[in-house]
Each structure stands twice: as C-alpha cells, then as structure tokens.
Q: 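Let me begin by handing over the structure; questions about it come next.
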Amino acid sequence: MTKTTLVESKKRLSYENKVILAPMVRVGTLPMRLLALDYGADIVYSEELIDWKFLKSVRRVNDVLGTVDFLDLSDGTVVFRTCEKEKDRVVVQLGTSDPVRALSVAKLIENDVAGIDVNMGCPKEFSLKGGMGAALLFQPEKAKNILSLLVQNLKIPVTCKIRVFESVDDTLKLVKELESTGISAIAVHGRTKAERPQHPNRCETIRKISEALSIPVIANGGSREIEKYSDISKFKEECGSSSVMIARTAETNCSIFRKRGMKDLDEVIKDYLKYAVDYDNSPSNTKYCVQNMLRELQETPRGKKFLECQTLEQICAIWNMGDYCRKKQLEYQSKGILGRREVAP
Ligand code: FNR
C-alpha cells in the first residue's frame, strides 16, 4: 500500500464493532446526532434526505454557528446542517431511485460527511411510489446500479439499509448481490416490508446474513428489547452481527448510548435543548423531538404547557433554560443570524 492510500484508508470510517444512531426522519437532525455522540454512539446517521430535495439546495458555511448548511434554494430552510464535531462520524442517508441523482447529491456533500447510506427499507407509500426505500429490494439491478456508481465515484464509504424477505434464501441472495457492489457495510432491519414494529424482529435471519457476508453487518430492529446499555450487546450476540443500530429507544431516550447507564429524561431533554439552541434548530423540529421523548408525559400539566409552546424560548423555559435561549438568540441576532423565527405547529 502506498503512503497516500494508507492515510486515506485510515481516515475512512470503519463500521466494525460500532453502536450506531439509526436514521430517523425529523429525529436525526444535528442536535440529536451530537447528543448521541456525546452519550457514546460511535456513528450517527442523518434522517433520510430525498435526493431531488437535496439537489435543490445550496452549500453555505455558517461562521456564526460553526456549521455547514445546505439550504433550500426556494425558501432558505435548512435541508441538512452539519458541523466539524460530527464530520468523521456522520453518515447521510439518501432516499433515491436513481443512480445519477444519488451520485450528484453524494458529490455535493462528500467533503462534509463520513459516509453515504442508501435507504432500501422504508415501507411508506411516498417512498414506494417514487421507487425508493423498500421498493429497491424488489429491483436488485437498480439497487446495485445505485450502489456501484456511488462506490466507484466517492472517496467516502457507501452502505445501504435494508429490510428482510420472508424467505431467508431470497434475503441471502439479495445481500450477496448488494455486497458485490463494494459497499462497506450493510444495515439490516429484521422485519419484512409488510411487518410493523409490533412484529418480532427476525434476528435469526440477521445472524445468517452475518455468517454469509464478509462486510460488517449492522443489526437493527431490536429496540423493543433494548432498554439498557447491556441489552445492546445481547442483541448483537443474538444477531451474530458486527455492529448494532438503534432507532426507537434512542428516539425516546438518547442516553441509551451511555456505557455508565441511562440519564434521567429531564436531563436528556436539557442536554438536547442546549444543542437545539446552540445550533439554532427550528422550533417545530425541536418540539417534535421533545414530544417523542415525553410521550405519555404530554398528558401531565407540564406536558400540556409544553404542547402550547410555539417558540424555542418557550420550550426552553419549561426546563429552566429560557434565559440561556434568549441570550444565545440575541447573540446570534447581533452577529447577523436572525434564525428562523417560525412557530411550532
Ligand atoms: C424510522 N426508520 C427509518 N429508517 C430509515 O432507513 N430511514 C429513516 O429516515 C427512518 N425514519 C424513521 C423515523 C422514526 C421516527 C422511526 C421510529 C423509525 C426506521 C428505523 O431506522 C429502524 O429501522 C426501525 O425503527 C427499527 O429499529 P429499532 O427502532 O427497533 O431500533
């Protein structure tokens, strides 16, 4: 290996023996990703970003926030915001059905992120109609074309996240074909396109995939059984996988990534809000994420007060962070960032 290739390969993200924040629409924005990293996640995936939406954005360095922003050309809203702290550990997940579009987006963000993932598991109508997500499981040639083009033209690793088929043999056939494109790892949610979270996760199928492939397999779908840190390794052992990816448990309490044990929910919300303020996260996205943490606690008097909040400062005030939020917002305004003063729904 030449010196340059050695340095390059060292810089490349490894997917072996990792605990990973799963891609989650609206949840996996910058504050949640940074929180997951603070608590101990090794790699964080972005929410799924649809290729054509990304292509309508422009890259801007935001000196005040210390971020790189991809802003929607039509209305200036943030399509994707990232920062140095996560640069070598953030993977952007793309929703795509087209190799050329996928590559155009990947090229746009290649220097700002650590990896690119292709969503091949989303069972929602919107994805399926557009030939994206789980639709790709049934079009392996197209799936392979997308992955091959990305692998051949990017200097960062490429992965995909799939669901399984009823038939283990069909699943093994598919993953071997996907592996042949040169992807660096594969995340497997152990449910079929038709199955929902209440159905058992097919850990046995993930185990067979792990045995059959030589790239790292990232087991996913275990949140029902992952209630504390030690459950992560149990799930990993059950799946015989190299790595584990967590969605729902992290959505409700991101401190699941902490080796020392989970934090009290109010502490987690405060940690989250600090990042939401520091990175000028939109009130609507912040509210959505806190709502998902509070769940049934929304019925309490404090929860009801929270639901009435429309601004970031109002949300922060409930956790005694109103002053912090106001000061930070004034600081940003004085530096020329007005932020989006949109109200939460
Ligand atoms: C998801 N999931 C998901 N998957 C994906 O590939 N891209 C995405 O953008 C999303 N979005 C998303 C949002 C929310 C709120 C949830 C709860 C889930 C699926 C997720 O990544 C994961 O595959 C499943 O939730 C199963 O893993 P857990 O929850 O058992 O750890």
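Quick note: residue numbers are just sequence positions, from 1. Counting starts at 1 for both ligands and their atoms, following the listed order. This is a predicted model, so every value here is computed, not measured.
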Q: Check the hydrophobic clustering (I, L, V, M, F, W, Y; side-chain heavy atoms under 4.5 Å; chains of links allowed) and say if Ile146 and Ile50 are grouped together.
A: no
Q: For atom 4 (N) of ligand 1, which candidate among Gln93, Lys161, Glu48 provides the closest heavy atom?
A: Lys161
Q: Can you tell if the side chain of Glu313 reaches within under 4.5 Å of the side chain of Cys325, non-hydrogen atoms only?
A: yes
Q: Passes ring pair (Phe, Tyr, Trp, His ring centres under 6.0 Å), Phe165 versus Phe138? Steps please.
A: CA-CA 10 Å; Phe165 294 131; Phe138 301 89; 5.4 Å; yes
Q: When rounded to the nearest 0.5 angstrom, what distance separates OG1 in Thr249 from CD1 in Ile256?
A: 5.5 Å
Q: Just to confirm my output: which protein heavy-atom neighbour is closest to atom 15 (C) of ligand 1, and how far is it?
A: Glu251 OE2, 3.4 Å
Q: For the pair Asp38 and Lys85, find out whether any cationic side-chain nitrogen is under 4.0 Å from an anionic carboxylate oxygen.
A: yes
Q: Can you find an N or O of Val27 that's nearer than 3.5 Å to an N or O of ligand 1?
A: no
Q: May I ask you to identify, for Arg26, whether its side chain, its backbone, both or neither come under 4.0 Å of ligand 1 on a heavy-atom basis?
A: neither
Q: Looking only at heavy atoms of Cys122, does any of them come nearer than 4.0 Å to an atom of ligand 1?
A: no
Q: Counting heavy atoms only, which part of Asn119 comes closer than 4.0 Å to ligand 1: side chain, backbone, both or neither?
A: side chain
Q: Do the side chains of Asp231 and Lys234 get close enough for a salt bridge, i.e. N-O under 4.0 angstrom?
A: yes
Q: Which residue and non-hydrogen atom of the protein lie closest to atom 30 (O) of ligand 1, and at what distance in Å?
A: Arg248 NH2, 2.6 Å
Q: Using a 4.0 Å cut-off to any heavy atom of Ile246, which atoms of ligand 1 qualify?
A: 31 (O)
Q: Taking NZ, NE, NH1 and NH2 as the nitrogens, is one of them in Glu110 or Lys107 under 4.0 Å from a carboxylate oxygen of the other?
A: yes
Q: Between ligand 1 and Arg191, is the shortest N or O to N or O distance under 3.5 Å?
A: no
Q: Salt-bridge test for Arg81 and Asp69: reply yes if a basic N is under 4.0 Å from a carboxylate O, no otherwise.
A: yes
Q: Any N/O of Ala247 closer than 3.5 Å to an N/O of ligand 1?
A: yes
Q: Check the angle between the aromatic planes of Phe306 and Trp319 and answer parallel, tilted or perpendicular using the 30° and 60° thresholds.
A: perpendicular
Q: Looking only at distances, please establish whether an N/O atom of ligand 1 is found under 3.5 Å from an N/O atom of Ser223.
A: yes
Q: Judging by distance only, is a nitrogen or oxygen of Ala22 under 3.5 angstrom from one on ligand 1?
A: no
Q: Does NZ in Lys18 sit with more than 12 non-hydrogen atoms of other residues, nucleotides or ligands closer than 6.0 Å?
A: yes
Q: Is it true that Gly121 lies under 4.0 Å from ligand 1, counting heavy atoms only?
A: no
Q: Enter the distance from Leu307:CG to Lys287:NZ here, rounded to the nearest 0.5 Å.
A: 6.0 Å
Q: Starting from atom 11 (N) of ligand 1, what is the nearest protein heavy atom, named by residue and atom, and what distance separates them?
A: Val25 N, 2.9 Å
Q: For ligand 1, note which part of Met24 has a heavy atom under 4.0 Å away: side chain, backbone, both or neither.
A: both
Q: Taking the minimum heavy-atom distance to atom 26 (C) of ligand 1, which of Thr252, Val244, Asn220 ranks first?
A: Asn220
Q: So which protein heavy atom does atom 21 (O) of ligand 1 come closest to, and at what separation?
A: Pro23 O, 2.9 Å
